[in-house]
Every structure is written in C-alpha cells, then in structure tokens.
Amino acid sequence: MLLGVNIDHVATLRQARYAGMPGAHNAEPSVTAAARAALEGGADSITLHVREDRRHMQDADALAVRREIPLPLNLEMGATPAMLEFALNLRPDFVCLVPERRQEVTTEGGLDVAGRAEELRPLVAALAANGSRVSMFIDPDSEQVRASAAIGAPMIELHTGRFANNLGEARTVEVQRLAAAARLAHSLGLEVHAGHGIQPANLQDLAAVPYLTELNIGHTLIARAVFVGLTRAVQEMKEAISRLSW
Ligand code: PXP
C-alpha cells in the first residue's frame, strides 16, 4: 500500500500569516521542507492542491517541490483550462482531478465525471500525452466509476469522506459502497486509490475495501505533526498501514 502525503495544510498555515506578503523572506513554514520531512518519514509521493483561488498552495510551491523533492508529485486541481495549462507546464507525475467550490473548506464531494464526460475526456488525454497519469476523485458510485473508465482515466481516487464521518451501521454501509466501487473499477482495469478523512482510527475498517493500492492522507498527518513532527507522523502512519493486510 502506497502512502501519498498531502501537505496543503502547511501552506494554509503559512498563508494565515503571510498571504499578503508573497515571497516574503521570513515566511514560514516551508512547503519544500515539509515535503522533505515527509520523504524522510517514508512518503511514497507528495500531494498538493493548487486551487484556482490560490488560497493555500501557490504556483511557486508546486514548482519548488517538483524541482527539489525526489518523489513523485501528485497535483490535485480543478478541471479548468487555466489549471490544465498550469499542469502542462509543471508536468507532475500524477494529476488528480477534483471538484472545486470557492466556499468549501476542503474538497467536499466527488467529481461528477458522468455529467462532465465530454469536457473531461480531452483534458485527460492532454495530460496523459504530456506524461501525467490522471485520476478522478469520485464518490463510490458505479456510474462515476464507469464514466471514469469510459473517458480514459487510468486511475480513480475514491472519496472516503462519508466513510470517515460515520460510525456503526452507517460506516458499514459506506465500506460496502467503497468495496463495490473498487471491485467494479478493478474489473474495468482502473487503479484504485482512496482519500479524505483517513485516520489511524479508521484504517482497519478501510482495509476491508479490496484492490486499494494507495491512500492519500493530509489532515491527520499535519495534526499529528504539531506534536511529533512530520517525519515521525508519516513514519507512524506507514507503520499503522503496514500492520494491516490490504
Ligand atoms: N484526496 C483528495 C482528492 C483531497 O481533496 C484531500 C483533501 O485535500 C485528500 C485526499 C486528503 O484528505 P485529508 O486531508 O482529509 O486526509
């Protein structure tokens, strides 16, 4: 099981103080230092979300991580012409297409691939031709899985937010939905990742979902890093993941 470490919150913290002072010599914390700490902790890739409103990650952050950190880079982005152009220049190893609404605190729901298929198909093709493998961040829904395969995406990331936010019977239902979506995706030849709200406390339930090959985790790692540092937080997560059978 691979671990992608999302470091958006490091930029969120920096912007809380320095948003009005772009490039300030004293701005902290450093996004590239965070990526390096994640690398030292055993991260398999670095994820960052460059939002249209640049509320946390800035273009320069993505470029610096691409240049300085010897790990695969996964760029999360909205499916817009401007972001496509940005990704074509950055040439990340992976691009994860996500829905984006200005007011949301974080990515709230999956991308409507089925409803936007004709718009997304050329975008996926352009990114693939430029050397980036593309995944669709979708809800565990058969229509969205089929649409992702139909437009030529090689990978999906299943949205685990509802799974994470529920307990008991409701969580069991979400595990079943995730498992059904993962089975369908696998049968269609898609690589299956998962992300959003994953924490040490819900890993064991998530391990019941078949065919997962990568988890993308951000918030809980940065929260833990406040107390033990990011390298240690990533090490702990890698250990927790490797204790389970996937
Ligand atoms: N995957 C995607 C597509 C996301 O948008 C996010 C949140 O930024 C994550 C994974 C990570 O979620 P979390 O921060 O809850 O671990």
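In each ligand, atom 1 is the first atom listed, and ligand 1 is the first ligand listed. Computed over heavy atoms, backbone and side chain alike; hydrogens, waters and symmetry mates excluded. The first residue of the sequence shown is numbered 1, and numbering continues consecutively from there.
- Arg14 places no side-chain N or O within donor-acceptor distance of the main-chain N or O of Glu28, the cut-off being under 3.5 Å.
- Counting the atoms of ligand 1 from 1 in the order shown, those under 4.0 Å from a heavy atom of Ile217 are 16 (O).
- Between the Asp44 side chain and the Leu3 main chain, a donor and an acceptor come within less than 3.5 Å of each other.
- Taking only nitrogen or oxygen atoms, main chain and side chain alike, His219 reaches within less than 3.5 Å of ligand 1.
- Residue Arg36 forms a side-chain contact (heavy atoms from CB on, under 4.5 Å) with just one option from Leu230, Val65, Ile69, and that option is Ile69.
- Atoms of ligand 1 found under 4.0 Å from any heavy atom of Asn216 (numbered from 1 in listed order, with element): 10 (C), 11 (C).
- Figure legend: Arg183 and Tyr211 shown without cation-pi pairing, the cationic atom not lying both under 6.0 angstrom from the six-membered ring centre and within 45 degrees of its axis.
- At least one N or O atom of Gly197, backbone or side chain, sits closer than 3.5 Å to an N or O atom of ligand 1.
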- Message: Between Arg55 and Gln15, is the side chain to side chain contact (heavy atoms under 4.5 Å, CB included) condition met? List the steps.
- Response: CA-CA 8 Å; Arg55 87 166 60 137; Gln15 297 305 98; over 6 Å; no
- Message: The test is side chain to side chain contact (heavy atoms under 4.5 Å, CB included); show your working for His56 and Val50 and say whether it passes.
- Response: CA-CA 7 Å; His56 38 55; Val50 177; over 6 Å; no
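- Not a single heavy atom of Thr220 lies less than 4.0 angstrom from ligand 1.
- Listed by atom number, the atoms of ligand 1 under 4.0 Å from Asn6 heavy atoms are 8 (O).
- Here's the thing with Phe137: none of its N/O atoms is less than 3.5 angstrom from an N/O atom of ligand 1.
- No side-chain donor-acceptor contact under 3.5 Å links Asp8 to the backbone of Leu48.
- Between His9 and ligand 1, no pair of N/O atoms sits closer than 3.5 Å.
- Counting heavy atoms only, His196 comes closest to atom 9 (C) of ligand 1 of the residues His49, His196, Glu100, Met77.
- Shown in contact with Val98 at under 4.0 Å from a heavy atom are these atoms of ligand 1, numbered in order with element: 3 (C).
- Donor-acceptor pairing under 3.5 Å is recorded for the side chains of Asn216 and Thr47.
- Residue contact check: Glu76 has heavy atoms under 4.0 Å from atoms 1 (N), 2 (C), 3 (C), 4 (C), 5 (O), 6 (C), 10 (C) of ligand 1.
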